[in-house]
S.K.: 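Take this structure, written in structure tokens, and hold onto it; I'll ask about it next.
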Protein chains: 2
Amino acid sequence: MPTGRAPEPTVLRLSIYLRCLRQVHAEGLDTISSAGIQERTGITAGQVRKDLSYFGEFGKPGLGYAVEPLLTRLSHIMQLDRPRKVVIVGAGNLGAALAGYQGLRSSIFSLVAAFDNNLSKIGRPLWDVEIKDVRELPRITQEQGVEIGIITTPAEAAQGVAELMAQGGIRSILNFSPTRIVSPQGTTIRNVDLMKELEVICFYLPKP
Amino acid sequence: MPTGRAPEPTVLRLSIYLRCLRQVHAEGLDTISSAGIQERTGITAGQVRKDLSYFGEFGKPGLGYAVEPLLTRLSHIMQLDRPRKVVIVGAGNLGAALAGYQGLRSSIFSLVAAFDNNLSKIGRPLWDVEIKDVRELPRITQEQGVEIGIITTPAEAAQGVAELMAQGGIRSILNFSPTRIVSPQGTTIRNVDLMKELEVICFYLPKP
DNA sequence: TAGATTGTTAATCGATTAACAATC
DNA sequence: TAGATTGTTAATCGATTAACAATC
């Protein structure tokens, strides 16, 4: 029986299970055991069962988990069962690369606009969307019901953009700028810091 | 006195301290307390002291930490005190965006080549480097003493690329492809999974 | 010196692992 | 049924926080 809240590491793993299950499903299997998930993800079978148990009882002793129902349940738990609108702010190289992702044109996510503050970019197309003036962000996201914002601006602009996003009704932000953002009231932020990752792998370089 | 090994979360924070110290140094301060670091990073003062204590005693009671010496010491601990050569494999949108990063043309990192397996890309320039045939990777990285590899290929190619990198003497890999790589013997891999991050923020969207 | 701040120890908190009774 | 595998409990492990004596 699901007791309190699931720990964050569990949530991260949930998305790994989801990817694993999609693949297993595509392969046509309709059942998988926690041991099978371990084999494919490297996450131990006990951990898998523990993680899932935060959300309910999905398996049958002796049989394992029915792939498709579990996929459906986990998608629902992760709130990936209805389309989410996304905007990207910062139409530089990284913003453009992310805007091109097929994953942002899927049944789960749809990219509705990109924004920049650079006049020479505003009005131009970026893949299949238009680059808009960032000052229009709150209005546009409000009108369209955008729920997710991706920040790919330089560090200096990030905090201001986060606040515009909050104004525009966005509640979840993925921040790629190399700076700490103070979460506007009511928003969740996840940070992806590419230079930090690069520095961290240096630490793990073999010591001379 | 530094006892055993530092936990991984500590290493991640080290790179945050480093960024903070660089900024503080640029502002011309020459001393900072753990409380000052807390103010700028959000990491509690006690945590800061604990983290640093895994590596030595860097502060003076009553005074705090001398910024420049600490910067030097931490850079050394993180192995960021001499230049590291980097290659990128996968010259798609993301690879191109990362290859354009100024941080890869710094005193810490230098990008020496990009690789792809697509004949129409091989031989073309990508920013200031040339796109080479991925089959040449082991030879080139070996010759040039490349230590870090960045993978921005599709999932299917990632494992093979990691093995080529290992052959070429690369010991640390940053993997952006959405798949689990089994580390070749002697290599460390860090994974950055953009679609996963996007899925995870959906979990934290306000529940209806 | 007195005030400030470190480094470290002990207490707490949280997550992972091991193990097994329940059950398909 | 017998074998397999779940969900869960208890034990372990590891990281964070609180607190304070040492000391600049």
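To find a chain, count down the sequence lines: A is the first, B the second, and so on, and within it residues start at 1. These numbers were taken from a predicted model, which means no experiment stands behind them.
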S.K.: Give a yes/no on whether any side-chain N or O of A/Gln47 is located under 4.0 angstrom from OP1 or OP2 of C/dT17.
M.R.: yes

S.K.: Using a 4.5 Å cut-off on heavy atoms from C-beta on, say whether the side chain of A/Tyr17 contacts that of A/Leu74.
M.R.: yes

S.K.: Which of the following nucleotides, C/dG7, C/dT17, D/dC24, is nearest to the side chain of A/Thr44?
M.R.: C/dT17

S.K.: Could you check which of D/dT17, C/dC24, C/dT16 has an atom nearest any side-chain atom of A/Lys50?
M.R.: C/dT16

S.K.: Taking any heavy-atom pair under 4.0 Å as a contact, classify A/Thr10: base, sugar-phosphate, or nothing.
M.R.: nothing

S.K.: From C-beta outward on A/Pro7, which listed nucleotide comes closest to its side chain: C/dC24, C/dA15, D/dT16?
M.R.: C/dA15

S.K.: Nearest of D/dC24, D/dT8, C/dT8 to any side-chain atom of B/Lys60?
M.R.: D/dC24

S.K.: With the side chain of A/Ser33 defined as its heavy atoms from C-beta on, choose the nearest nucleotide among D/dT5, C/dG7, D/dT16.
M.R.: D/dT5

S.K.: B/Glu57 has an atom CD; how far is it from atom P of D/dT23, in whole Å?
M.R.: 10 Å

S.K.: Answer yes or no: is there an ion pair linking A/Arg22 with A/Glu27, defined by an N-O contact shorter than 4.0 Å?
M.R.: no

S.K.: Ignoring the backbone of A/Tyr65, work out which of C/dT5, D/dG7, C/dT17 is nearest its side chain.
M.R.: D/dG7

S.K.: Under 4.0 Å between any heavy atoms, over every strand shown, what does B/Gly64 touch: base, sugar-phosphate, or nothing? Just pick one.
M.R.: sugar-phosphate

S.K.: Determine to 10° how strongly the helix from C/dG3-D/dC24 to C/dC24-D/dG3 is bent, judged from the axes of its five-pair ends.
M.R.: 10°

S.K.: So, OP1 or OP2 of D/dT6: does either fall under 4.0 Å of a side-chain N or O from A/Arg49?
M.R.: yes

